[in-house]
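All figures in this text were calculated on a predicted structure; none of them were measured in a lab.
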Amino acid sequence: MKKKIDEYQIYEKHSEQIYKQVKNDPYAQSLGIQLTKFEAGFAEAFLEVQSHMVNAYGTVHGAVIYALADFAFSVVCNAYGKTSVGLSTTIQFIEAAKPGDRIVARAIEVRRNFRTGFYRIEIFHEQNLIATMEAVSYRKDHYFIELDVQD
């Protein structure tokens with residue numbers, strides 16, 4: 001029988017290595033997205049909305065909000081060093097943001113098991129909730145970090 005892996009111990013032991021990997025997202029970096037919090041089961045990132053990130057009405061493009069939420073989702077679902085990819089997402093846009101606004105995404109792990117993870121991501125401008133996303137990840141069989149024999 002296989003030994004059950006304690007992923008919280010993996011996070012605690014390898015969090016620096018995992019952090020370096022998950023924050024290294026070229027697309028997020030190209031948008032100016034910055035990771036501000038990284039924990040097992042929680043991630044937070046922000047973005048300063050630039051003038052080229054708006055739609056025809058002068059408000060932030062939904063794709064920009066989605067990219068920020070998706071980055072936070074990616075970070076939180078990979079926090080244990082196990083390769084995880086997005087399986088499905090549903091986003092609801094509630095309120096607009098404008099150039100110069102700082103928008104923040106907070107991703108919370110609702111539940112995870114061996115194969116899937118379930119997450120809720122909330123996107124804010126100041127204290128105003130501007131979008132929510134529900135997301136499901138598929139957790140692959142391998143870890144993207146080097147595990148010790150005792151892990």
Side-chain angles (χ1 to χ4, degrees), residues 6-145:
D6 184 340
E7 291 187 325
Y8 286 105
Q9 281 185 340
I10 291 172
Y11 167 80
E12 291 292 326
K13 188 172 184 180
H14 301 279
S15 62
E16 190 173 310
Q17 184 183 359
I18 296 167
Y19 173 78
K20 285 179 185 175
Q21 181 73 28
V22 298
K23 80 171 197 162
N24 186 26
D25 183 313
Y27 182 65
Q29 290 171 359
S30 77
L31 293 173
I33 295 173
Q34 295 183 39
L35 183 59
T36 54
K37 290 187 182 171
F38 170 67
E39 301 169 7
F42 182 79
E44 180 182 273
F46 80 91
L47 166 70
E48 299 284 343
V49 178
Q50 305 298 310
S51 60
H52 67 277
M53 297 175 172
V54 299
N55 58 29
Y57 306 102
T59 59
V60 67
H61 199 288
V64 174
I65 295 171
Y66 182 87
L68 176 62
D70 189 52
F71 173 70
F73 165 47
S74 174
V75 170
V76 74
C77 74
N78 282 283
Y80 304 98
K82 189 172 191 178
T83 303
S84 300
V85 296
L87 189 58
S88 70
T89 61
T90 304
I91 192 164
Q92 298 80 33
F93 300 103
I94 301 166
E95 195 173 299
K98 295 181 173 66
D101 288 350
R102 181 179 199 254
I103 56 176
V104 177
R106 295 184 184 114
I108 300 166
E109 182 179 270
V110 175
R111 186 174 177 102
R112 76 185 147 75
N113 57 38
F114 181 75
R115 279 283 177 228
T116 54
F118 301 87
Y119 305 87
R120 177 172 174 82
I121 301 89
E122 297 180 330
I123 303 87
F124 293 89
H125 168 247
E126 296 179 353
Q127 302 304 317
N128 299 323
L129 182 65
I130 64 169
T132 62
M133 186 166 89
E134 301 294 325
V136 178
S137 70
Y138 175 75
R139 306 181 78 227
K140 294 187 172 188
D141 283 334
H142 67 280
Y143 289 82
F144 59 84
I145 57 169

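- Here R102 pairs with E48 under the salt bridge (Lys or Arg N to Asp or Glu O under 4.0 Å) rule; sequence neighbours left out.
- Using modelled atom types, one finds no donor on one side chain facing an acceptor on the other under 3.5 Å when comparing D70 with S74.
- Residue I123 holds its CD1 atom at 7.0 Å from CD1 of I130, rounded to the nearest 0.5 Å.
- Distance CD/E134 to CD1/I121: 7.0 Å, rounded to 0.5 Å.
- Expressed to the nearest 0.5 Å, how far CZ of R139 lies from CG of N113 amounts to 7.5 Å.
- When every heavy atom of G32 is checked against every heavy atom of L47, the shortest pair comes out as C-CD1, 4.1 Å.
- Using the six-membered ring where Trp is involved, Y11 and Y80 have ring planes that are perpendicular, over 60° apart on the 30 and 60° scheme.
- Counting non-hydrogen atoms of other residues, nucleotides and ligands closer than 6.0 Å to CZ of F114 gives a total above 12.
- Side-chain atoms of D141 and R115, non-hydrogen and from C-beta on, do get closer than 4.5 Å to each other.
- Between A72 and A43, the shortest heavy-atom distance links the atoms O-CB, 3.8 Å.
- Listed by chain and number, the residues in a ring-ring contact (aromatic ring centres under 6.0 Å, His included) with Y138 amount to none (sequence neighbours excluded).
- Across every non-hydrogen atom of I18 and N78, the tightest pair is CG2-O, 3.5 Å.
- Taking each heavy atom of V76 and G41 in turn, the nearest pair found is CG2-C, 3.4 Å.
- Proximity of a side-chain donor or acceptor of T36 to a complementary backbone N or O of E44 within less than 3.5 Å is detected.
- Listed for the T59 side chain is no donor-acceptor partner under 3.5 Å among the backbone atoms of A96.
- Between K82 and K140, the closest heavy-atom pair is CE-O, 2.6 Å.
- Of all the heavy atoms in F38 and S15, the pair that sits closest is CE2-O, 3.6 Å.
- Evaluation of the side chain to side chain contact (heavy atoms under 4.5 Å, CB included) rule for L129 yields I94, E122, F124, T132 as partners, not counting sequence neighbours.
- At least one side-chain heavy atom of I10 sits under 4.5 Å from a side-chain heavy atom of Y143.
- For T89, the side chain to side chain contact (heavy atoms under 4.5 Å, CB included) partners two or more places apart in sequence, or in a different chain, are Y66, F73, M133, A135.
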**Prompt:** Which is it for Y27 and I33 under the side chain to side chain contact (heavy atoms under 4.5 Å, CB included) test, yes or no, and what are the steps along the way?
**Reply:** CA-CA 9 Å; Y27 182 65; I33 295 173; over 6 Å; no

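- Annotation: salt bridge (charged side-chain N to carboxylate O under 4.0 Å, His left out) contacts involving residues 89-101, sequence neighbours excluded, are absent.
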**Request:** Please step through side chain to side chain contact (heavy atoms under 4.5 Å, CB included) for the pair F144 and V22, ending with a clear verdict.
**Result:** CA-CA 10 Å; F144 59 84; V22 298; 4.2 Å; yes

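- With rounding to the nearest 0.5 angstrom, the CZ atom of F46 is 12.5 Å from the NZ atom of K37.
- The salt bridge (charged side-chain N to carboxylate O under 4.0 Å, His left out) pairs that include a residue from residues 20-29 are E16-K20, where partners are two or more places apart or lie in different chains.
- Residue E109 holds its CD atom at 10.0 Å from CZ of R111, rounded to the nearest 0.5 Å.
- Taking CG of N55 as the reference point, atom NE2 of H61 lies at 6.0 Å (rounded to 0.5 Å).
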